[in-house]
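Notes follow the structure.
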Amino acid sequence: MGRIRGRGRSLLMTVALAVVLLALAGFVLQAMFSTTRATEQQSDALIVDMKFTEARIAVAMQEVNLRHYQVEPSVAVRARFDQVAAEAERNLAEIAQSSDEQTRDDAKRLLAGQIAYRELAEDLIAKVADSDPDFMAFDRLQVTPAFYTLQNDVDDVSRAYHDYAQQQVIALGKRQGRLLVGTAMGFGVGLTLVAMIMRMVLGYQRRLVAQAADSRHQALHDSLTGLPNRALFQRDLQKALARDGQSALMIIDLDGFKAVNDTIGHHAGDQVLIESGRRLAAHIQSPAVVARLGGDEFAVLLPGVTGLAEATTLADRLVAELNRDFVLDDGPAAISGSLGIALSPAAGSGDADELFRHADAAMYRAKRHGGGVVVYDPGADVDQHDDRMQLFADLRVLVETGDPQGRLQMYYQPQVRLRDARVTGVEALVRWHHPVRGLVMPETLLPVADRGGLAAGLTYHLLALVARQAAGWLAGGWRGRVSFNVSTAALGDERFAENVLATIQAAGLPPEMLRLELTETGIMADSGAALETLRRISASGVTVSVDDFGTGFSSLVQLRDVPADELKIDRIFLSNLTPGTPDEVMVRSSIDLGHNLGLEVVAEGVEDLAILAHLARMTCDYAQGHALAPAVPVGDLPGACWTAETTAAAALGYAASSPAR
């Protein structure tokens, strides 16, 4: 009887165990389904929240770039505006594909507002570019109200979806709590299974939260240095200016950074940027902020600064840190810093864009003075900034219209062959006859073109002018070669070779009469693409000269691979060209190197006839400079060639030759 009762209890326990296990299994399955669904809802909510946040940032950056374009209407600023506008519309369009009807409606409404604002902004950009005097009224009455309407709408929507995402997180946590209580009543196997499920679910949740946080961090921080980017820095600056007290803004540009990129490589340049950010951050304490604005430009914000003395003391320390040598993987590098300081009004009501412009203007004045620290001075900086902007605007008109009045003119300097004192070629040098400023020289013209993105267009325009003039000399019976300087921006154009060959063919100029001059740093800036372009040029018959040789620190391996026909020794090595000096060693070595590589060697900047004779004794092939003849307009070139030949013949002891045609 006892055995029967025991079997009954065992069966009852087995049945009970089976019921408990089945109930536990059903509970777990139901809980898993509910948790998975909640996790998916949370994931969708976080993704939508992230995309609305990114769209909100992009909308704000549109306004920043639009204001920047009003101050500095350049191709680069317009490109940044288009980029962030496209990013905002892309994010909103992606959200508009959501399965949730309310989300789709919100995204479509914001997208329509964004497109309307962008169209108004593009109209404003066109008015600014056309110097339309009504652009400010148009901005105040239409563009600015449209932006604030869009900004408020996207802020409200973004906050609402952020709150919804947080609610999903809380709801998921509650479901997980109920699952934990229920499974705690089960058997060990059930507890183990629940623990595994919880571990997986919690891990997935942490990854989602971490991914969302990482996305927000990446949107507001520079990926290379880890410092705040321009968007986050702008937000911090706005907050600082909204508070009482004075703030100091510093804009820092690295002098010599381009040379590091060009001569050592972009990896070394990245190391310099990372180390520069570290050095700046090491001297900054909260609530101060250091950020990378882009390229080799950094910014420092000092909220609540006590005055100019505190700001300049810190600025001096920061510049001194940047002036210390950088120890890189590929060797040491030396750069310096140009730092501009601007102070906000003490009342704490300054305008962020205006403060940026002031600090930027002071930084450029520091660069012109060779680096260091410069404090914004309205009398010294505003006029120069406006003057630079006006020069850029005038030059852009010339390049875009083809210069119908011929204000961009080519001057030519004769190059004398030293073995017989004959002019065999000339170098083309640009001059800008500005209607207000008079004669603008290349040292002013070319930096304006390069910084404004006009260098390539200017190069092609001037090359066409030179090709036509040289073809005219050929028709007159003179086959002298013309050397033409090429900008780095033009060399980087993927259609550079085709454009050069099409230009000289249209002018009727034989390829062998054109020699392209490129600097060492220009050739090595993107050595793979640049060398391939030069090989295509060289195969056509156009010759290549390596200009400013000795100043770019290119390696012999790089020089060996360049399809060059000529080395041009820079003028800095000729000022002290006397026997036994380091300059003589440098010049003699360059001549020997060029000849051993089968290249012709030209010395430029010859200012003394004794130096000319010394170059001839060192077997230099050609020379040019004011001692022989200056650069002259095309109409004065025959006389300049005759003067150069006569002067060279007398200095070198040759019989006078007949004038060059």
Side-chain angles (χ1 to χ4, degrees), residues 410-429 431 441 469-470 472-474 476-485 513 515 517 543 545 547-550 565-595 599-661:
M410 300 310 298
Y411 281 44
Y412 296 92
Q413 186 173 46
Q415 295 176 332
V416 175
R417 187 168 57 197
L418 298 185
R419 63 179 171 84
D420 58 6
R422 295 302 302 266
V423 172
T424 60
V426 295
E427 179 180 1
L429 301 165
R431 301 289 188 268
M441 302 299 285
Q469 292 175 343
W473 305 337
L474 178 63
W478 189 61
R479 294 186 60 86
R481 182 180 59 242
V482 59
S483 296
F484 178 78
N485 292 277
M513 287 186 62
R515 174 160 289 177
E517 292 193 7
T543 56
S545 174
D547 197 8
D548 299 339
F549 181 71
D565 303 274
E566 176 185 274
L567 291 185
K568 203 165 189 183
I569 300 174
D570 192 81
R571 66 183 66 242
I572 65 173
F573 300 109
L574 303 184
S575 59
N576 189 31
L577 188 62
T578 54
T581 62
D583 284 347
E584 186 202 34
V585 174
M586 179 65 191
V587 172
R588 187 182 299 276
S589 300
S590 298
I591 294 172
D592 292 341
L593 174 63
H595 288 166
L599 310 179
E600 296 176 331
V601 180
V602 181
E604 65 177 345
V606 177
E607 308 292 338
D608 187 277
L609 293 178
I611 291 177
L612 181 72
H614 195 29
L615 288 168
R617 289 192 294 271
M618 289 191 291
T619 68
C620 184
D621 299 303
Y622 300 91
Q624 66 183 91
H626 279 76
L628 297 168
V632 296
V634 64
D636 299 335
L637 184 56
C641 290
W642 182 85
T643 299
E645 289 187 348
T646 304
T647 303
L652 301 176
Y654 300 143
S657 59
S658 59
R661 292 184 61 187

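We're numbering straight along the sequence, starting at 1.
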Problem set entry | Partner of Ile569 under side-chain contact (heavy atoms from CB on, under 4.5 Å), chosen from Val602, Leu615, Val587 | Val587
For this session: Identify the two heavy atoms, one from Asp583 and one from Ile572, that lie closest to each other, and give their separation to 0.1 Å.
Result: OD2-O, 4.0 Å
Exercise. How long is the gap from SG on Cys641 to CG on Asp636, to the nearest 0.5 Å?
Worked result: 11.0 Å
Exercise. Would Leu574 and Glu607 count as a side-chain contact (heavy atoms from CB on, under 4.5 Å) if you check the C-alpha gap in whole Å, the side-chain angles of each, and the deciding distance to 0.1 Å?
Worked result: CA-CA 8 Å; Leu574 303 184; Glu607 308 292 338; over 6 Å; no
For this session: Evaluate side-chain contact (heavy atoms from CB on, under 4.5 Å) for Leu577 paired with Asp608, printing each intermediate quantity in order.
Result: CA-CA 10 Å; Leu577 188 62; Asp608 187 277; over 6 Å; no
Problem set entry | Closest non-hydrogen atom pair between Gly594 and Leu567, with its separation | CA-CD1, 3.7 Å
For this session: Any chance you could measure Glu604, atom CD, to Lys568, atom NZ, to the nearest 0.5 Å?
Result: 4.5 Å
Exercise. Taking Gln415 for the side chain and Thr424 for the main chain, is one N or O donor matched with an acceptor at less than 3.5 Å?
Worked result: no
Exercise. What residues form a side-chain contact (heavy atoms from CB on, under 4.5 Å) with Ala650, not counting sequence neighbours?
Worked result: none
For this session: Applying side chain to side chain donor-acceptor pair (under 3.5 Å), name anything that partners His595, two or more places apart in sequence or on another chain.
Result: Asp621
For this session: Check side-chain contact (heavy atoms from CB on, under 4.5 Å) between Arg419 and all other residues, then give those that pass, not counting sequence neighbours.
Result: Arg417
For this session: Enter the distance from Arg588:CZ to Arg617:CZ here, rounded to the nearest 0.5 Å.
Result: 9.5 Å
Problem set entry | Smallest separation among heavy atoms of Ala627 and Leu609, with atom names | O-CD2, 3.9 Å
For this session: List the steps and the verdict of side-chain contact (heavy atoms from CB on, under 4.5 Å) for Arg515 and Asp565.
Result: CA-CA 9 Å; Arg515 174 160 289 177; Asp565 303 274; 3.7 Å; yes
For this session: Kindly give the heavy-atom pair with the smallest separation between Pro414 and Ala644, and that separation in Å.
Result: CB-CB, 4.1 Å
Problem set entry | Contacts of type salt bridge (Lys or Arg N to Asp or Glu O under 4.0 Å), residue Arg479, not counting sequence neighbours | Glu512
For this session: Mind checking side-chain contact (heavy atoms from CB on, under 4.5 Å) for Asn485 and listing every partner two or more places apart, or none if nothing turns up?
Result: Glu427, Leu429, Glu517, Asp547
Exercise. Could you state the interatomic distance from CD1 (Ile611) to CD (Glu584), rounded to the nearest 0.5 Å?
Worked result: 11.5 Å
For this session: Using the test salt bridge (Lys or Arg N to Asp or Glu O under 4.0 Å), find all partners of Arg431 that sit at least two apart in sequence or belong to another chain.
Result: none
Exercise. Where do Ala640 and Val632 come nearest, in terms of heavy atoms and distance?
Worked result: CB-CG2, 3.7 Å
Problem set entry | Identified side-chain contact (heavy atoms from CB on, under 4.5 Å) counterpart of Leu637 within the set Tyr412, Tyr411, Trp642 | Tyr412
Seminar exercise, completed: To the nearest 0.5 Å, atom CG of Leu593 lies from atom CE of Met586 at 9.0 Å
Seminar exercise, completed: Minimal heavy-atom distance between Ala623 and Leu418, with the atoms involved, is CB-CD2, 3.9 Å
Problem set entry | Euclidean distance, Ser545 OG relative to Tyr622 OH, rounded to 0.5 Å | 11.5 Å
